[in-house]
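Heads up, the thing below is written out as structure tokens.
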Amino acid sequence: MKFKSKLPHVGTTIFTVMSQLANEHAALNLSQGFPNFPCSSELIELVYKHMKAGENQYAPMQGVPALREVICAKMNALYGSNYQPDTDITITAGATQAIYTAISTVVRPKDEVIVIEPAYDSYVPAIEMAGGIPVYVQLRAPEFTLDWEEVRNKITERTRLILINSPHNPTGAVLSETDMQALDAIVKDSDIFVLSDEVYEHLTFDGKVHESAAKYPNLRERSFITYSFGKVFHVTGWRIGYCLAPAWLMKEFRKIHQFEVFSINRPFQMGLADFLKTEENYLFLPDFFQRKRDLLLAQLKNSPFKVIPSSGTYFQLLQYGHLSQEKDTDYAIRLTRELGVASIPISAFYHDNRDDKIIRLCFAKTDEMLEAASARLCGI
Ligand code: GLN
């Protein structure tokens with residue numbers, strides 16, 4: 001049969017590739033971003049309770065009311081917003097679906113979308129599936145800051161959407177209030193939407209504050225904001241996330257969501273709704289992950305790598321250009337095979353596979369695994 005791929009240059013996502021390689025070589029898997037420690041046993045009990053109570057049929061298309069209510073209350077308390085559970089939020093199959101659906105909602109063929117690189121690998125294929133054109137702006141190493149003048153210069157009458165991600169995967173950079181104000185000034189009085197990927201919302205370090213788009217009224221009224229329970233509650237396998245947007249925009253989002261997945265599994269949503277009622281269940285996260293980051297940094301102190309500071313997420317970048325001239329993909333594969341430590345090469349986050357000789361480690365791992373991996377990396 002004649003067939004032309006809709007995504008000819010897309011292969012298998014690097015996270016799947018590196019996790020598979022890690023498994024094949026029984027390597028310590030610090031590549032794909034998922035914890036190797038258990039989630040709260042209370043959370044499991046809560047889900048189980050709802051399953052046993054017979055909560056096993058379809059959830060409402062937009063998500064169970066109790067979960068939407070507790071999320072909106074949390075958002076409004078943390079960010080001074082006024083999200084309404086009935087109209088402004090939808091529970092999704094992880095943040096990846098939320099991002100895909102949000103992009104599908106507003107991007108039409110030939111629309112331009114500002115993508116800040118390095119960029120999470122699902123963004124551009126989602127834009128291309130909608131017929132959109134990615135327009136790239138690169139963060140500036142070594143701090144991975146954003147030059148907003150460059151963003152402004154890339155805006156045309158075709159710009160439909162700007163995609164931001166803070167805390168930022170893979171760099172660990174965090175947008176500041178000044179950044180958000182700069183974005184605010186750029187989109188003000190325009191027809192440009194914002195997609196703010198905030199899945200690492202509670203993972204900021206050294207006293208840094210998460211600047212949600214929800215805090216800024218002018219941004220809030222044009223933004224989709226996406227979140228992930230997998231990332232914050234150590235349950236990436238549950239595939240549950242959510243998206244917030246103003247009612248009129250969320251109405252359009254739901255038109256697509258309902259025919260993509262219809263709804264997300266019910267007992268898990270109900271368990272999460274109960275669990276979220278206790279603030280401590282998420283407020284402990286910055287300290288919890290900062291300790292992990294610091295443990296990793298302390299263990300890597302005598303390694304030959306150059307460490308790029310991480311202010312958020314559960315990722316740490318290491319630069320190796322002074323050790324080897326190998327391509328980062330080859331280097332990451334070799335470390336997996338020969339050293340038994342799997343990482344992610346950063347070139348996978350650039351459309352042109354730009355190679356700055358940097359790899360990403362995930363530190364959402366037990367202390368034992370972090371220590372073992374560091375020992376191997378120090379011996380390189
Ligand atoms: N977000 C995870 C990461 O950056 C990967 C999730 C996935 O594999 N889809 O590692």
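Here, residue 1 is the first one in the sequence, and each next residue gets the next number. FYI, side chains are in, hydrogens and waters are out, and symmetry mates aren't considered; it's all heavy atoms of this structure. Indexing begins at 1, ligand by ligand and atom by atom, following the structure's order.
Between F288 and F284, the ring-plane angle classifies as perpendicular under the 30° and 60° cut-offs.
The environment of R158 atom CZ is sparse: at most 12 non-hydrogen atoms of other residues, nucleotides or ligands sit within 6.0 angstrom.
Within 4.0 Å of ligand 1, protein heavy atoms come from F15, Q32, G33, Y120, N169, Y200, K231, F315, R360.
Residues that satisfy the side-chain hydrogen bond (donor to acceptor under 3.5 Å, both in side chains) test with K208, not counting sequence neighbours, are S311. Partners of T13 under the side-chain hydrogen bond (donor to acceptor under 3.5 Å, both in side chains) rule, at least two apart in sequence or in another chain, are D121. Residues meeting the side chain to side chain contact (heavy atoms under 4.5 Å, CB included) test with S212, sequence neighbours left out: M75, Y79, E198, H210, A214, I225, Y227.
A donor and an acceptor atom, one from each side chain of T145 and E143, are nowhere located under 3.5 Å apart.
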